[in-house]
Amino acid sequence: MKLATAALPLLMAGLTSCHGNAFPDHQAGYHEFAYVADGDADTVAVLDLVYLRQDRMLQVGHRPTGLAVNPVRNEVYAVNTGSDSVSVIDTENNRVAATIGVHHTPYFIDVAPDGKRAYVANSASNTVSVIDLDKRREIAVAAAGEGPGMARVAPDNRTLVVSNRIAGSVSVYSITDSDRHPLEFREAFSGCPGATDIAISANSTSEPKSGAKAFVACSGGHQIMDIWLAASADSWRGQQDHSLQHDQMLALLDVGKTPTHLALKPDSGEVFSTNFDSDSISEISTWTNEVSGTYVIGAKPSRAIVSQDNTSLWVTNFGADSTSLYSIDDGRLITGIRTGSRPDAIAFSADEHLLLVADSGASDVAVIRTQSKSGFPQLFTILPAGKHPNDIVVKAFQSK
C-alpha cells in the first residue's frame, strides 16, 4: 500500500515542528531507518523514518529471516536462511557491504554489546557460528542441541544462551576473548518443548559479573523455563554463595498455551510472554521467579515490546489484524489499533514517537503514532515493505 495523498499535508506539517504531539525536529545530518526482511522476495526494505517513505529495496541472500543492529557501528545484519549466509548492510550508504558464510539453515543472529562479535544459530546443522564483525568472517563453530533457533548474548557479554527447538532444550556457553575457542560449553537443560525465544535479565548493573537470569519460551507447551546464569567466581555474589557460580534451572513457569515471544522491561524487573494459542499475555517477575498474572489481550498474540519508561506493553495480534496497548502499571488493556493483515514483528523508532508493525500478510509496515492530540495512539500511515515482511529493526545515527 502507498502513502495516502490525504496524509501528506499532515505529514509535512508534523515534520516542521516539535511541539506537543507533533513530529520531532531533527538536527541536520540525522538519519533513522527501519530495515524489514522479506523472506519471499530475498530483500530487505529500507524505510526512511525521518521522511516516512520507502528509501530502497536491498537484494540480500535467499529467504532472509532474522535481523540485528550493531549497537556500536552503523551496520545491520540479515540472516539468509535459504543461502546459509549473513548479509552486512552499511546503514550510512544503505548498501550490502559484505556477505558472510555460515552453516546450514541459519535463522537468528544476535550481536554482542561491544559490537565486535555476532552469534548465529544454524538450525539444520545443530551449531552456532561465531562471527568476527571487524574481519567480517566466521571464526568458530560450536555444537548445539538439535534444531537451534536462537542464540542470545547476556548483557554482561559473559554468557551465550541457545534454544534448541527440536531437542526441547537450552544450551549455555561461556564467552571468551579467544579467537580459537570463543565459546566454551557450560551446561544444558532439557524439558522445554519447542524451545524458542530467549530473554536475559541482568541481575545487577553495579556488578556486571554477578550473574543473570535467562527466560526461555517453551512454545511446544505452556511454560517458560527460568535459568540462573552463573556468577563469576570473583564477584561479590559468587563469593557469598558458591552455588551461584553454577548455572541452575530455577523453575518451569506456567503461562498460556504456545508462548512464542518474550518482552523484557528495560529495568529487567519483569518479562512478558505472548501466549499465541491462549489469546493472552503472562507477566513474570524476574525477582521472585513467579507469574504475576495472565491476561486476555487479543487473538493470536505474536510479539511484544515494552516502552523505555517501563509503563507500556505493545502486542501484535496476529489473528485480529491489530496491535494492543497494555498499561503495565494499571494492569489493563488501554486500546487496540487496526493494522494490516497478520501483524507480527514490531519495533519502536529511536524516540518511541512511532511504533512500526510488520504486517506479514499485507506486504507492508503499519506506522502508529504513539502520541497524538486525542491522547490515544493512532495509525498514521502504511509503508510498502515487500511481499512477506517477517522481521524489523531500527537504526538511528548522526552523520559526520
Side-chain angles (χ1 to χ4, degrees), residues 110 113 150-163 170-173 175 186-187 189 191-192 195-219 221-232 235-238 240-241 243-256 259-275 278 280-295 297 301 303-315 326-331 346 348:
D110 199 17
M150 291 197 172
R152 185 78 71 183
V153 186
D156 62 7
N157 203 17
R158 293 179 56 247
T159 303
L160 185 76
V161 180
V162 178
S163 59
V170 179
S171 302
V172 180
Y173 306 81
I175 296 173
R186 282 203 328 236
E187 190 61 82
F189 300 94
C192 185
T196 177
D197 199 23
I198 304 167
I200 303 178
S201 65
N203 205 37
S204 171
T205 55
S206 60
E207 191 184 13
K209 298 191 292 183
S210 65
K213 291 178 184 176
F215 297 84
V216 183
C218 306
S219 64
H222 57 88
Q223 294 179 314
I224 304 297
M225 181 176 281
D226 181 1
I227 300 171
W228 169 260
L229 301 178
S232 172
S235 68
W236 181 88
R237 186 180 292 267
Q240 294 299 307
D241 186 346
S243 69
L244 297 181
Q245 296 179 23
H246 306 283
D247 304 303
Q248 306 171 46
M249 190 182 78
L250 299 175
L252 282 169
L253 304 171
D254 291 332
V255 291
T260 56
H261 187 250
L262 298 172
L264 181 69
K265 287 174 64 176
D267 66 8
S268 287
E270 292 171 312
V271 63
F272 295 84
S273 72
T274 56
N275 308 314
S278 291
S280 66
I281 56 170
S282 293
E283 185 173 2
I284 299 166
S285 169
T286 63
W287 307 110
T288 64
N289 305 313
E290 296 175 333
V291 178
S292 304
T294 296
Y295 315 99
I297 194 72
R303 301 199 208 185
I305 191 170
V306 182
S307 61
Q308 279 297 318
D309 64 5
N310 300 291
T311 64
S312 301
L313 177 75
W314 298 80
V315 183
Y326 176 84
S327 172
I328 297 173
D329 293 339
D330 298 330
I346 187 171
F348 280 122

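Given the structure is predicted, the values throughout are model-derived calculations rather than measurements. Numbers here are sequence positions counted from 1.
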Find out whether Ile328 and Glu283 are in side-chain contact, i.e. whether some heavy atom of one side chain is under 4.5 Å from a heavy atom of the other.
yes

What pairs with Asp330 under side-chain hydrogen bond (donor to acceptor under 3.5 Å, both in side chains), at least two apart in sequence or on another chain?
Ser327

With sequence neighbours excluded, what pairs up with Phe189 under the ring pair (Phe, Tyr, Trp, His ring centres under 6.0 Å) test?
none

Those residues at least two apart in sequence (or on a different chain) that pass salt bridge (charged side-chain N to carboxylate O under 4.0 Å, His left out) with Glu270 are Lys265

Pairing residues for Thr286 by the side-chain hydrogen bond (donor to acceptor under 3.5 Å, both in side chains) criterion, not counting sequence neighbours:
none

Taken in chain and number order and not counting sequence neighbours, the residues that satisfy side chain to side chain contact (heavy atoms under 4.5 Å, CB included) with Thr260 are Thr258, Thr274, Phe276

For Ser163 and Val216 the tightest heavy-atom approach is CB-CG1, 4.1 Å

Would you please name every residue forming a salt bridge (charged side-chain N to carboxylate O under 4.0 Å, His left out) with Asp110, sequence neighbours left out?
none

Heavy-atom closest pair (Asp247 atom, Ala230 atom, distance to 0.1 Å) is OD1-N, 2.9 Å

Would you say the side chain of Pro259 lies within less than 4.5 Å of the side chain of Ile224, judging by non-hydrogen atoms?
yes

Mind checking the CG-CE spacing from Leu160 to Met150? Nearest 0.5 Å is all I need.
13.0 Å

How would you list, by chain and number, every residue that makes a side-chain hydrogen bond (donor to acceptor under 3.5 Å, both in side chains) with Ser292, sequence neighbours excluded?
none

Has the side chain of Trp228 got a donor or acceptor atom that lies under 3.5 Å from a matching backbone atom of Leu250?
no

Measuring from atom CD of Glu187 to atom OG of Ser171, what distance do you get when rounded to the nearest 0.5 angstrom?
9.5 Å

Ignoring hydrogens, what is the shortest heavy-atom contact between Ser201 and Phe215? Give both atom names and the distance.
OG-CE1, 3.9 Å

Residues in ring pair (Phe, Tyr, Trp, His ring centres under 6.0 Å) with Phe272, at least two apart?
none

Looking just at side-chain N and O atoms, do Asp329 and Thr311 make a donor-acceptor pair shorter than 3.5 Å?
no

Strictly distance-based, threshold 3.5 Å: is any side-chain N or O of Asn310 a donor or acceptor partner for the main-chain N or O of Asp267?
yes

Once you round to the nearest 0.5 Å, how far does NE2 of His261 lie from CD1 of Ile281?
13.0 Å

Taking side chain to side chain contact (heavy atoms under 4.5 Å, CB included) as the test, write out the residues that go with Thr196, two or more places apart.
Ala217, Ser219

Which pair of non-hydrogen atoms, one from Ala151 and one from Val162, has the smallest distance, and what is that distance?
CB-CG2, 3.9 Å

Looking at Leu262, is its backbone amide N or carbonyl O close enough to the side chain of Asp197 to form a donor-acceptor pair, meaning the two atoms are under 3.5 Å apart?
yes

Do the non-hydrogen side-chain atoms of Leu253 and Glu290 ever get within less than 4.5 Å of each other?
no

Would you mind reporting whether Ile284 and Val255 have side-chain heavy atoms less than 4.5 Å apart?
yes

Qualifying residues under side chain to side chain contact (heavy atoms under 4.5 Å, CB included), relative to Ser312, sequence neighbours excluded:
Ser307, Trp314, Leu325

Would Arg158 and Ile175 count as a side chain to side chain contact (heavy atoms under 4.5 Å, CB included) if you check the C-alpha gap in whole Å, the side-chain angles of each, and the deciding distance to 0.1 Å?
CA-CA 5 Å; Arg158 293 179 56 247; Ile175 296 173; 5.8 Å; no

Those residues that, when tested against Ala154, pass side chain to side chain contact (heavy atoms under 4.5 Å, CB included) (two or more places apart):
Asp156, Thr159, Ile200

